[in-house]
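Order of the sequence lines sets the chain letters (A, B, ...), proteins ahead of strands, with each chain counted from 1.
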Number of protein chains: 2
Amino acid sequence: MASNAAFAEVANLAGDPGRAGMLHALMDGRALTATELARVAGITPQTASGHLARLSTGGLVTVQKQGRHRYHRLASPAVARMLESIMQVAAGSAPRRKAFVGPRDLALRAARTCYDHLAGHLGVALADALVANGQIELTSDAGIVTGKGAALFDRLGIELDATFDKKGSGKRKGRMLCRPCLDWSERRPHLAGQVGRALCRHCFTAGWIKHVDGTRAVSITAKGQRNFRDVFGIR
Amino acid sequence: MASNAAFAEVANLAGDPGRAGMLHALMDGRALTATELARVAGITPQTASGHLARLSTGGLVTVQKQGRHRYHRLASPAVARMLESIMQVAAGSAPRRKAFVGPRDLALRAARTCYDHLAGHLGVALADALVANGQIELTSDAGIVTGKGAALFDRLGIELDATFDKKGSGKRKGRMLCRPCLDWSERRPHLAGQVGRALCRHCFTAGWIKHVDGTRAVSITAKGQRNFRDVFGIR
DNA sequence: GCGATGCTTTGGCCTTCACCGAAGCATTTC
DNA sequence: GAAATGCTTCGGTGAAGGCCAAAGCATCGC
């Protein structure tokens, strides 16, 4: 098998604790410098440098140099989905020591970004609320935005591209579909895909949530509290 | 981070060439013995045994002993999806040597099973045909079975469970959603999820396709040729 | 029982690779 | 220019783990 070696190589890149820590940190979709990544992974900059070089040639991250800084980010949404799927398996086979999750862990479980959409308790609560209000319908395989949902997004000023990529035949109007993504901390689906991305972006630009320091965790602002309650019926 | 170590461990399990080969072989969803897996991975049985023990305690495969045989299979659909997503990244960063794909590779590219659904040229052609006939609609995020599609499946005798898992509130009728899955060899989506599984199962039971020896590759029977042409308009 | 088959465990060899300290570039700042 | 900062390359060390041969358990068939 030709692709077997490439498979093992990619998996191996994610299979080192140091590299895993850096990839984990990059899951929020932002670009970070080598020193920052070294710090979160708990290794020295020179070690991180070597790892990042390998991740780069392996096609998992891309580098963008800017002055004396080098910004690293995940190479593609496919990489983010891969990391997410590994996390799901890891969460399933986890040692399940429920005692003592650290404070940082708690913040992550409450609300965090997952590459380009929202996850954690907030992400799941949003998905639940949209389902309960009849604005989306979800199975484990896929989801769809109903007419009520489309009206809501329109009211919020969230633009969704309701066209299909039919190669050749040009764009065509169709239903808005969305992708569910099993949350590794909540074990329940949250919204991913195009709809999840648009919703997450809106939450940030509207000032409903903001990042905690430089982590994937997000905190809900007072304005966000109000809107999540009034618009979605959360809390 | 509590889950970081578990993440690296899971990824590392898939990151060894020997284990990767075995996992790859298990991707067709069947249960294989340690000796068979050793052969496809190109290692000795005792080495394979060690690897399988680690994969088992790591939660990637489950073992089922039957007489003096021990059958191994992927532990869950989540594991299959993880392997699939790693393949996609690996295919994206592949060395792109298009020259010389082996005969086995050719058979795999033509048609194969991917855990519980169809992939390869056939899988993509089926998805394309269903879209072209207006029986399903697909985006990169998700898909939906249209009324025409539901009629087709009904005519074929394929039962689809059109209910949503709304915990607490009991079952509820809804639209049939399906999951697209990017094919690593064709770079185009094929049908996965519940619909993909049901369709694949039907193709086998109706005698339209059958497995080639003991591999993931499938061959199309004469009866299958006719039906794929008459029912779906393929070829 | 006895041999054959499937699988696992043990032991020893050997490669791989993560790690850090120190030195070397590159870029910015003064 | 000189110092400071971000990052990389080099060299050496140490541990982890893949590999196989041989021996040890199980199970099946006669």
Engineer: Quick one: are A:V79 and A:L26 in side-chain contact, heavy atoms under 4.5 Å?
Structural biologist: no
Engineer: Any side-chain N or O of B:H51 below 4.0 angstrom from OP1/OP2 of D:dC19?
Structural biologist: yes
Engineer: Salt bridge or not for B:D183 and B:R112, using N-O below 4.0 Å?
Structural biologist: yes
Engineer: Would one find a side-chain N or O of B:T44 under 4.0 angstrom from OP1 or OP2 of D:dC20?
Structural biologist: yes
Engineer: Do you see a donor-acceptor pair shorter than 3.5 Å between the side chains of B:Q46 and B:S49?
Structural biologist: no
Engineer: Report all interatomic pairs (protein N or O, nucleotide N or O of nucleotides 8-11 of chain D) with separations under 3.5 Å.
Structural biologist:
unit_1	atom_1	unit_2	atom_2	d
D:dT8	OP1	A:R70	NE	3.3
D:dT8	OP2	A:S49	OG	2.6
D:dT8	O5'	A:S49	OG	2.9

Engineer: Mind calculating the distance between NE2 (A:H69) and C1' (D:dA4) to the nearest angstrom?
Structural biologist: 12 Å
Engineer: Does A:R68 have a side-chain nitrogen or oxygen under 4.0 Å from the phosphate oxygens OP1 or OP2 of C:dC25?
Structural biologist: no
Engineer: Which residues pass the side-chain hydrogen bond (donor to acceptor under 3.5 Å, both in side chains) test with B:S76, sequence neighbours left out?
Structural biologist: none
Engineer: Which atom pairs, one a donor and one an acceptor, fall under 3.5 Å between side chains of residues 216-228 of chain A and the rest of the protein, sequence neighbours left out?
Structural biologist:
unit_1	atom_1	unit_2	atom_2	d
A:R216	NE	A:T113	O	3.1
A:R216	NH1	A:H24	NE2	3.2
A:R216	NH2	A:T113	O	3.1
A:T221	OG1	A:G207	O	2.7
A:T221	OG1	A:W208	O	3.1
A:T221	OG1	A:G224	N	3.0
A:K223	NZ	A:A206	O	3.0
A:N227	ND2	A:K223	O	2.9

Engineer: Please tell me if the side chains of B:Y115 and B:E84 come closer than 4.5 Å, counting only heavy atoms from C-beta onward.
Structural biologist: no
Engineer: Checking contacts here: which listed nucleotide (C:dC20, C:dT27, C:dC17) is nearest the side-chain heavy atoms of A:K65?
Structural biologist: C:dT27
Engineer: Please state how far atom CG in B:L55 lies from atom P in D:dG17, giving the value in whole angstrom units.
Structural biologist: 14 Å
Engineer: Whole-Å distance between C:dG6 P and B:L32 CG?
Structural biologist: 15 Å
Engineer: Starting at atom CG of B:D16, determine the distance to atom C1' of C:dT16, rounded to an integer number of angstrom.
Structural biologist: 12 Å
Engineer: Measure from CZ on A:R54 to C1' on C:dC17 and round the result to the nearest Å.
Structural biologist: 7 Å
Engineer: Does A:C203 form a side chain to side chain contact (heavy atoms under 4.5 Å, CB included) with A:I209? I'd like the steps, not just the answer.
Structural biologist: CA-CA 6 Å; A:C203 288; A:I209 55 176; 3.6 Å; yes
Engineer: Between B:Y71 and A:N12, which has a closest nucleotide on DNA chain C that is more 5'?
Structural biologist: B:Y71
Engineer: Take the protein atom CD of A:Q66 and the nucleotide atom P of C:dT28, then report the distance between them rounded to whole Å.
Structural biologist: 10 Å
